[in-house]
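Please read the structure below before turning to the comments.
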Amino acid sequence: MSEVETPSNFIQNKIEEELKSSSFTVHTRFPPEPNGHLHIGHAKSICLNFGLADKFSGICNLRFDDTNPSKEETKFVKAIQEDVKWLGFDWGNQLFYASDYFDQLFEFAIRLIKKGKAYVDDLTPEQMREYRGTLSEPGKNSPYRDRSIEENLDLFQKMKAGEFEEGEKVLRAKIDMGSGNLNMRDPVLYRILKASHHRTGDKWCIYPMYDFTHGQSDSIEKITHSLCTLEFEDHRPLYDWFLDELEIYHPQQIEFARLNLNYTILSKRKLLQLVEERHVDNWDDPRMPTLSGMRRRGYPPEAIREFCDRIGISKSNATVDFALLEHCVREYLNRTATRVMVVLRPLKVVLINYPEDQVEEMDAVNNPEDPNAGTRKMPFSRTVYIERDDFMEDPPKKFFRLAPGREVRLKHAYVIKCEEVIKNSDGEIVELRCTYDPETRSGATQDGRKIKGTLHWVSEDHAHKAEVRLYNHLFTQENPADEKVCPDLKSSLNPDSLEIIEEALLEPSLKNAKGGYQFLRLGYFSVDPQKSASGDQIFNRVVTLRDTWAKIANK
RNA sequence: UGGGGCGUCGUCAAGUGGCUAAGACACAGGAUUUUGAUUCCUGCAUUCGGAGGUUCGAGUCCUCCCGCCCCAGCCA
């Protein structure tokens, strides 16, 4: 899968270094929790883990960390698998679930109890918080900390047997309530949860905590490099403690910074909030930074992978510019997308010297970047539509599109000249009457005169209608994730994140459109899997074209 | 007056004591262009959070200081 040489990073360098002194198979894993959908931040991790395995001819597992039945669902398991596949990665038969290890984990817990390294605690959650101490003060031992091994064994078996209620008891590790690292202050290993698990059903009523599961799962799977994000850095001593006490295989954990993207949020909790409060349609709303949203929007997986390669891997908490993602999308689509003509906001143009019933088939190039893409025919007639923005009655200096008395080229067709502007009683421009120059068929002038402006157009009688959805950033704030800047998510939502054009005029070749296109001069668009309310096709704008005119016009 | 991390261009990010501190995105100019797209040139850190020190030589080593992030779920 390694297309070109991907830039190196500190983790890859480390592995290369290790490989110099010993020989082993690199074995990584991507460990999502099936409690929500994957987003672009997960893509970074997926590309890292699968990419490294690929780079070193190793193995990468897909493992679901499903230790909390109250939040996890099979539908998420399915969606996650679909997303990983779509991104372009294949776990082969390396599909695992932490829940596969519940028996083993239970046995690990028994082992710790027998070593006197774990105990059943009766403290309530509130009491436990008080006993934990604070960041600057040590905690104090639970009064139940010194129960006998026999009593602990008995109590833990009874927890498993369902003899206690939720919250009544937990199993804790016996480490050090005075540690500066709060994770070492006798962390909870097992809690009682009388919930049905999406895979193990009602077999269990006690479930291991993530901290007691993750490291051992990596160990069981013989993961060589456990890559995770920065916030787990101070969990590492705890994982090391478990592995050492249990005397089992010890993977190497390496932390890297999670992805932050400006103008977007990448927190599962907040994305869920957007869905639940109906600020977006669903997890796959094209404005969402989820992989399903990006897929629906029309982002090519290749572009996302390229983006992940380009942002690099480091330990500094950084925010990547959204423009880089858009750049990667444009770069890929520029090479691959078929060019078509679509008019979003139509302005009628009648060519007064063009024969009434004549229709010409003009040759249009499908993709100037790809000589093999060929050409297609586009019908041209007396009445066409152009973009309203492409005409100005009183244009500024640098405007070189259509204006009264000015000439402009209709792409692949003729040079036309604006002779008359027709307005309605409200003074709105409703139609342009133009002449065309028959000597300029397909757009080339015979006398060598330069025509600066070239416009896209669609013939009235041949136009096909569809709904087009234009998307902008979901947030107006550059850093909506920062709660100091944005205490209330809703207030920084962009009211213009979605603009619907109900009736855009498309060239007829788009009647059976599939996949992604470049709408000439407008941007890249992709067919939505759903139909509009009126049964029309829907096109989603993936990303605009770079627009220097907009920059000039804004000055 | 706890513990763990991080600070190199507007944004990411190479750099692991020795040529003038990579590259990408962004930005600004210019050329080409039947997409104001693409492509192509050009410019864009005398300086690496700050101050000392070690060294012939420091972004890279040492000391101190400053700033930012994470941790007090029976979440992951």
Side-chain angles (χ1 to χ4, degrees), chain A residues 7-10 13 31-33 35 65-68 70-72 121 123-125 128-130 132-139 166-172 178-185 187-193 206-207 209-211 213-214 229-237 255 257 262 268-269 307 310-328 330-331 334-335 339 341 365 368-369 398-401 409-413 415 440 442-445 451-456 518-523 544-553:
Chain A
S8 194
N9 59 63
F10 79 99
N13 293 344
E33 183 193 10
N35 69 341
D65 272 341
D66 52 354
T67 56
N68 187 349
S70 63
K71 291 186 177 173
E72 297 148 5
D121 198 352
L123 252 29
T124 64
M128 206 183 282
R129 198 182 317 125
E130 287 160 21
R132 185 152 33 228
T134 66
L135 293 181
S136 50
E137 300 157 30
E166 281 190 18
E168 214 177 305
K169 285 181 167 48
V170 292
L171 182 72
R172 288 230 255 172
S179 174
N181 181 346
L182 302 245
N183 295 121
M184 302 300 270
R185 320 241 264 225
V188 171
L189 268 29
Y190 267 89
R191 77 289 216 187
I192 298 168
L193 240 35
I206 57 169
Y207 291 91
M209 297 289 290
Y210 171 85
D211 276 350
T213 306
H214 190 81
T229 43
L230 258 23
E231 67 270 28
F232 293 106
E233 209 147 16
D234 37 48
H235 291 236
R236 178 154 34 94
E255 306 85 8
N262 57 10
K268 264 196 207 174
R269 200 197 89 235
F307 171 75
R310 287 211 207 184
I311 55 177
I313 301 292
S314 77
K315 295 191 69 157
S316 55
N317 205 302
T319 302
V320 177
D321 194 340
F322 200 91
L324 179 60
L325 212 208
E326 295 190 320
H327 168 81
C328 293
R330 288 192 187 104
E331 185 180 59
N334 175 52
R335 292 201 306 268
R339 271 61 170 174
M341 292 204 248
V365 174
E369 303 295 318
K398 288 181 177 167
F399 186 85
F400 53 76
R401 275 113 96 144
R409 170 171 36 238
L410 295 182
K411 178 93 176 171
H412 301 311
V415 171
T440 58
S442 85
T445 55
I451 305 295
K452 193 84 198 284
T454 300
L455 311 184
H456 59 279
Q518 183 194 105
F519 287 5
L520 224 61
R521 303 208 303 135
L522 297 173
T544 60
L545 248 29
R546 202 177 254 107
D547 189 353
T548 12
W549 166 243
K551 277 181 197 166
I552 297 168

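In what follows, chains are A, B, ... by sequence order, proteins preceding strands, each numbered from 1. Atom set for the values below is all heavy atoms of this structure, side chains included, hydrogens, waters and symmetry mates excluded.
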**Report entry** Same-atom distance (C1') from B/G23 to B/C64, integer angstrom
**Finding:** 35 Å

Query - Partners meeting salt bridge (Lys or Arg N to Asp or Glu O under 4.0 Å) with A/Arg185 (sequence neighbours left out) - result: none

**Report entry** Residues forming a salt bridge (Lys or Arg N to Asp or Glu O under 4.0 Å) with A/Arg310, sequence neighbours excluded
**Finding:** A/Glu306, A/Glu331

Query - Touch class at under 4.0 angstrom, heavy-atom based, for A/Thr213 against every strand present - result: nothing

Requested in this report: Could you tell me whether B/G73 is syn or anti, where syn means a glycosidic angle within 90 degrees of zero?
Outcome: syn

Query raised in the report: How is A/Arg310 classified with respect to the nucleic acid when contacts are heavy atoms under 4.0 Å: base, sugar-phosphate, or nothing?
Result: sugar-phosphate

Query raised in the report: Touch check for A/Lys411, heavy atoms < 4.0 angstrom, all strands: base, sugar-phosphate only, or nothing?
Result: base

Query raised in the report: Considering only B/C25, B/A76, B/C12, which nucleotide approaches the side chain of A/Ile311 most closely?
Result: B/C12

Strictly under 3.5 Å: I want the nitrogen or oxygen pairs between protein and nucleotides 70-72 of chain B, one per line.
| residue | atom | partner | partner atom | Å |
| --- | --- | --- | --- | --- |
| B/A72 | O2' | A/Arg132 | NE | 3.1 |

Report task. In whole angstrom, give me the gap between the C1' atoms of B/A24 and B/U33. Result -> 25 Å

Report task. Could you check A/Asn13 against A/Lys71 and say which one's nearest nucleotide on RNA chain B is further toward the 5' end? Result -> A/Asn13

Query raised in the report: Who pairs with A/His214 by ring pair (Phe, Tyr, Trp, His ring centres under 6.0 Å), at least two apart in sequence or on another chain?
Result: A/Tyr210

**Report entry** Whole-Å C1' distance, B/C27 and B/C44
**Finding:** 8 Å

Requested in this report: Classify the nucleic acid contact of A/Thr67 as base, sugar-phosphate or nothing, counting any heavy atom under 4.0 Å across all strands shown.
Outcome: sugar-phosphate

Query raised in the report: Checking all strands, does A/His214 fall into the base, sugar-phosphate, or nothing category for heavy-atom contacts under 4.0 angstrom?
Result: nothing

Report task. Mind checking salt bridge (Lys or Arg N to Asp or Glu O under 4.0 Å) for A/Glu72 and listing every partner two or more places apart, or none if nothing turns up? Result -> none

Query raised in the report: On a plain distance test, is the side chain of A/Glu369 in donor-acceptor contact with the base of B/U39 below 3.5 Å?
Result: no

Query raised in the report: Across the strands shown, which category fits A/Pro31 at heavy-atom distances under 4.0 angstrom: base, sugar-phosphate, nothing?
Result: nothing

Query raised in the report: Base, sugar-phosphate, or nothing: which does A/Ala550 touch, judged by heavy atoms less than 4.0 Å apart?
Result: nothing

Query - Rounded distance in Å between the P positions of B/U11 and B/G4 - result: 29 Å

Requested in this report: Measure the distance from CD on A/Glu326 to C1' on B/C12 and round it to the nearest whole Å.
Outcome: 16 Å

Query raised in the report: Hey, does A/Lys398 reach any base, or is it just sugar-phosphate, or nothing, if we go heavy atoms under 4.0 Å?
Result: base

Query raised in the report: Mind checking what makes salt bridge (Lys or Arg N to Asp or Glu O under 4.0 Å) contact with A/Lys71, not counting sequence neighbours?
Result: none

Query - Proximity to the side chain of A/Leu545 - top-ranked nucleotide from B/C25, B/U35, B/G36 - result: B/U35

**Report entry** Pairwise C1' distance for B/C68 and B/G73, with rounding to whole Å
**Finding:** 25 Å

Query - Touch class at under 4.0 angstrom, heavy-atom based, for A/Phe519 against every strand present - result: nothing

Query raised in the report: Say you pick atom C1' in B/A76 and the same atom in B/A58; how far apart are they, in whole Å?
Result: 42 Å

Query raised in the report: When you compare B/U16 with B/C25, how far apart are their P atoms, in angstrom units rounded to a whole number?
Result: 24 Å

Query raised in the report: Expressed as a whole number of Å, how far does the P atom of B/C69 sit from that of B/C12?
Result: 14 Å

